[in-house]
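Keep in mind that what you see is a predicted model, and the values were worked out from it rather than measured. A, B, ... follow the sequence lines: proteins, then strands. Residue 1 opens every chain.
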Number of protein chains: 2
Amino acid sequence: MPPSQKTPAAEIKYTVEDIQSEILHRICFLDYAPGEQLKEAELAAEFGVSRTPIRDAIGRISHLGLVETRNGVGTVVVALSTAQIRHVYDMRLELATLIGTLSPRPITQADREAVQTLLCEAKVLQGAFDPRSYIEINHRLHEWITSLIGNDTLRSFWWQTYCQAASTWYRLSNERSCDMAKALVAELNDLNTALDVGDATAIGYIQRTHIGYGYQRIKTHLLATETDEGAASARVVSGLRNQKTA
Amino acid sequence: MPPSQKTPAAEIKYTVEDIQSEILHRICFLDYAPGEQLKEAELAAEFGVSRTPIRDAIGRISHLGLVETRNGVGTVVVALSTAQIRHVYDMRLELATLIGTLSPRPITQADREAVQTLLCEAKVLQGAFDPRSYIEINHRLHEWITSLIGNDTLRSFWWQTYCQAASTWYRLSNERSCDMAKALVAELNDLNTALDVGDATAIGYIQRTHIGYGYQRIKTHLLATETDEGAASARVVSGLRNQKTA
DNA sequence: AACGGATAAGCTGCATACAGGTTTTGAGTC
DNA sequence: GACTCAAAACCTGTATGCAGCTTATCCGTT
């Protein structure tokens with residue numbers, strides 16, 4: 001787990017998969033903010049490997065559209081355009097309802113405990129907010145939800161849209177801390193209720209509901225009033241990306 | 001367009017993206033059948049590049065689960081397990097209905113002509129069936145449907161599931177030629193009707209319907225009676241893949 | 001003849017050198 | 001001082017060599 005520690009002395013052998021998920025993790029967690037440049041040589045030094053596996057790892061996440069590599073320039077983290085954010089969220093709203101429909105796995109006692117734990121932590125967070133903790137609790141919630149999905153394809157798509165939505169969504173946690181914590185507690189409370197009944201379908205619809213709320217917050221505070229300097233710089237980059245996508 | 005011609009003399013510079021889509025194309029079109037081994041050195045010689053861009057291209061399609069690379073062994077094309085086929089088709093049934101829902105682009109006269117052309121070709125095919133022609137007409141139909149999708153994320157997912165379903169689905173065209181051609185004509189007829197009304201939503205539901213039929217054919221002729229020797233050898237490989245996925 | 005083990009062949013994984021492209025810098029000129 | 005253009009710095013893209021792993025082969029033994 002080398003998200004914070006740079007582990008130069010550790011003799012651990014990193015696989016391409018490790019590096020891939022670590023880079024993606026850093027993008028989702030805003031360790032790499034939109035606009036930031038990823039240098040292959042730098043990462044290679046950090047992970048104690050050559051540029052080759054780094055290139056490989058970056059190439060393998062390129063299909064998510066979160067990074068853009070240009071010859072002679074570098075690999076930059078791109079923020080999604082407003083249109084892309086809309087597309088991702090519209091899709092997530094649809095996928096959410098399928099979580100409980102497409103052969104979900106049975107709910108166990110461990111699930112109830114997992115959500116209980118998250119709920120406690122979220123309540124603590126409500127008292128003393130910290131963006132990083134918020135992101136981490138949310139991430140673990142997402143991992144749990146994903147584990148419910150029995151359909152491999154849906155699980156893959158659900159994860160992809162999460163990664164795409166995360167960096168935009170988590171940008172909010174720097175300014176709307178109060179709302180975010182309250183919303184998270186509310187979501188976990190709803191999930192808790194559904195778990196008592198053991199209704200997997202309900203979990204999907206609860207997800208849908210709260211994704212809708214989150215989308216609304218993004219529209220209100222990020223898309224409507226573009227006050228965030230990160231969003232401003234990112235808009236230029238994503239503009240470039242659009243013309244290539246189209 | 002080097003699917004059939006091996007173009008050793010041509011001085012064209014292939015980008016990694018070219019190679020990537022070409023390899024994927026060959027897998028979908030069954031030029032590379034499940035179980036076949038892709039050798040980096042071989043492909044490198046064919047495209048007139050070194051192993052590096054070939055590796056890059058293969059790595060970029062690895063997330064689809066259609067190829068599996070093992071150290072010291074090679075990269076083999078894998079057939080999806082029966083569970084994975086079910087997952088992909090269940091997902092495609094859901095995605096199909098979203099085509100007309102999630103901001104599709106307007107239908108033009110060019111669309112009507114495109115489908116008309118395909119319908120004519122399909123009717124010809126019905127008289128004299130040829131697996132390759134069937135695959136190509138179907139592929140162009142898929143490209144057209146994809147072009148209707150206005151939501152970037154949905155378009156990406158739709159394409160991914162097509163690639164995953166294609167090689168399984170097209171395996172049928174070798175044995176059930178008559179059914180397949182008739183079904184294709186019927187599908188195009190339905191689409192033709194929907195286009196006259198200009199109803200994009202209907203197109204999505206028509207897709208859903210015919211994907212359901214295709215799924216049924218696969219269940220009947222591939223999954224129930226495992227007579228195909230390709231499927232038998234592929235099952236071993238995909239078995240390996242499963243334990244890794246899980 | 002059947003079996004076991006060393007060896008050779010063949011593949012991918014990684015490191016490194018170099019080529020090609022882009023941006024920045026700085027000297028020279030008007 | 002502002003502007004132009006060349007060169008240097010820095011990045012990614014590609015080729016290549018070697019190390020490591022896996023499998024097939026073949027010889028020696030039982």
* Asked: So what does A/Ile54 touch, heavy atoms closer than 4.0 Å: a base, only the sugar-phosphate, or nothing?
  -> nothing
* Where each residue is assigned the nucleotide of DNA chain C containing its nearest heavy atom, which of B/Leu38 and A/Val49 is assigned the position nearer the 5′ end? -> B/Leu38
* Side-chain donor-acceptor contact under 3.5 Å, B/Gln160 with B/Ser156 -> yes
* Nucleotide D/dG13, atom P - distance to CD of B/Glu17 in whole Å -> 11 Å
* Over how many whole Å does the gap from B/Leu43 atom CG to C/dG10 atom C1' extend? -> 16 Å
* **A/Val73 side-chain proximity, nearest of C/dG13, C/dT16, C/dT23** => C/dT23
* Within a strict 4.5 Å, meaning less than it, do heavy atoms of the A/Leu66 and A/Ile61 side chains meet? -> no
* Asked: Given B/Arg132 and B/Asp31, is the side-chain contact (heavy atoms from CB on, under 4.5 Å) satisfied, shown in steps?
  -> CA-CA 10 Å; B/Arg132 185 76 194 189; B/Asp31 293 328; 2.8 Å; yes
* To do: Specify the residue among B/Ala41 and B/Thr52 whose closest nucleotide of DNA chain C lies further upstream toward the 5′ end.
  => B/Ala41
* Structure fact -> Side-chain atoms of A/Pro53 come closest, of D/dT12, C/dC14, D/dT14, to C/dC14
* Could you check how far NZ of B/Lys39 sits from P of D/dT22, rounded to whole Å? => 19 Å
* Structure fact -> From CD of A/Glu42 across to P of D/dC10 the rounded distance in Å is 12 Å
* To do: Give a yes or no on whether a donor-acceptor pair under 3.5 Å exists between the nucleobase atoms of C/dG13, that is its base, and the side chain of B/Arg51.
  => yes
* To do: Find the distance A/Asp56:CG to C/dT12:P and express it as a whole number of Å.
  => 13 Å
* Nucleotide C/dA15, atom C1' - distance to CD1 of A/Ile19 in whole Å -> 13 Å
* Asked: OP1 or OP2 of D/dA15 less than 4.0 angstrom from a side-chain nitrogen or oxygen of B/Ser50, does that happen here?
  -> yes
* **Whole angstrom value for the distance that separates C1' of D/dT12 from CD of A/Gln37** => 10 Å
* Any B/Phe47 side-chain heavy atom under 4.5 Å of B/Glu22 side chain -> yes
* Asked: Does B/Arg55 make a side-chain N or O approach to OP1 or OP2 of C/dG13 shorter than 4.0 Å?
  -> yes
* To do: Please report, rounded to the nearest Å, how far the P atom of C/dT23 is from the CG atom of A/Asn71.
  => 11 Å
* B/Glu121/B/Arg140 under side-chain contact (heavy atoms from CB on, under 4.5 Å): CA gap, chis, key distance, verdict -> CA-CA 11 Å; B/Glu121 296 184 36; B/Arg140 277 160 50 206; 2.7 Å; yes
